Amino acid sequence: MERPRRITDSFPRRRRRPGRPPGRQKGKSKGRGCPGAPPASTATHNSPPGHRRPHPPPPPPPDPTLLEMLRLFDLAWEYGPCTGITRLQRWERAQALGLSPPGSILDALLEHPEHPDVTYSLWHEYAL
C-alpha cells in the first residue's frame, strides 16, 4: 500500500549542515544585536554610569465625560472620516469644508494636547 501524498512532498528537500541543531531555538538570544552597536541603556551622556533617567510622570487622565464627547465626535460621520489623522486635524478639515464642527471639541483638544486618549481617535491603533 502506498503512503498518501502530502503537499510538502512537492517541495525540494534541504540538507542541514553537520553539527547544526534542527530548527531555531526561540527565546535563546545571546544579546546579539546590531554588530558594533553599543548596548542599549537609558543612561544619559552627563549622568554617571548605571544612572537611569526617570521617565516623566504620565499626564492625569481626562474627565470621562470629555472622553465620551470625543468618542461621539469620532462616531459622527458628518465631519468626514477620522482614520489616519488626529482629532485636531479632522476638526480643522471639517471647519475648512464649512461643516461647522462643535467648538467644545476644539477647546478640549487644545486643553489636552499631550494626552494620547484625547489627541487620537478611536481607531488610531488600527492599520489603514
Side-chain angles (χ1 to χ4, degrees):
M1 185 170 190
E2 189 176 311
R3 81 174 181 144
R5 287 185 45 93
R6 296 184 181 159
I7 193 166
T8 56
D9 291 341
S10 61
F11 296 114
R13 294 185 183 236
R14 295 178 53 190
R15 297 182 188 253
R16 296 193 181 276
R17 288 184 279 167
R20 183 173 175 184
R24 292 185 179 174
Q25 295 183 357
K26 295 183 180 178
K28 300 267 182 163
S29 175
K30 294 185 179 179
R32 287 186 232 148
C34 296
S41 71
T42 57
T44 60
H45 294 289
N46 296 335
S47 63
H51 182 266
R52 293 177 182 252
R53 183 180 356 167
H55 294 288
D63 185 30
T65 56
L66 170 71
L67 293 177
E68 178 65 20
M69 179 180 65
L70 293 171
R71 186 183 73 81
L72 292 174
F73 177 67
D74 290 343
L75 296 174
W77 57 270
E78 59 263 15
Y79 304 117
C82 61
T83 53
I85 59 174
T86 64
R87 285 179 172 141
L88 182 60
Q89 290 171 332
R90 183 174 183 234
W91 191 94
E92 290 171 343
R93 182 188 61 198
Q95 182 70 22
L97 294 173
L99 301 176
S100 61
S104 59
I105 299 290
L106 179 63
D107 296 338
L109 295 174
L110 295 177
E111 185 179 339
H112 303 281
E114 73 286 342
H115 203 286
D117 290 341
V118 175
T119 304
Y120 300 107
S121 71
L122 293 174
W123 299 281
H124 79 279
E125 292 181 352
Y126 297 98
L128 293 178

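Here the structure is a predicted model, which is why all the values come from computation and not from measurement. Basis for what follows: all heavy atoms, side chains included, without hydrogens, waters or symmetry-related copies.
The line from CD1 of Ile105 to CE of Met69 is 4.0 Å long, rounded to the nearest 0.5 Å. Atom NE2 of residue His115 and atom CG of residue Leu67 lie 7.5 Å apart, to the nearest 0.5 angstrom. From Thr83, atom OG1 reaches atom CG of Leu122 across 11.5 Å, with rounding to the nearest 0.5 Å. Interatomic distance, Glu92 CD to Leu106 CG, rounded to the nearest 0.5 Å: 7.5 Å. Distance check: Thr65 OG1 to Leu70 CG gives 9.5 Å after rounding to the nearest 0.5 Å.
Heavy-atom contacts from other residues, nucleotides or ligands closer than 6.0 Å to CD of Glu68 number more than 12.
In this structure, His112 and Leu66 have side chains that are in contact, with non-hydrogen atoms separated by less than 4.5 Å. Side-chain contact between Tyr79 and Pro102 is present, with at least one heavy-atom pair separated by less than 4.5 Å.
In this structure, Cys82 and Ser121 approach most closely via the heavy-atom pair O-OG, 3.4 Å. Between Val118 and Pro62, the closest heavy-atom pair is CG2-CG, 3.7 Å.
By the rule that hydrophobic residues join a cluster once side-chain heavy atoms approach within less than 4.5 Å of another member, Leu97 and Leu109 end up as members of one cluster.
Legend: salt bridge (charged side-chain N to carboxylate O under 4.0 Å, His left out) pairs involving residues 73-85, not counting sequence neighbours, sorted by first then second residue: Asp74-Arg87.
The closest donor-acceptor contact from the side chain of Arg90 to the backbone of Gly80 lies under 3.5 Å.
Partners of Gln89 according to the side-chain contact (heavy atoms from CB on, under 4.5 Å) rule, which considers only residues two or more places apart in sequence or in another chain, are Ile85, Thr86.
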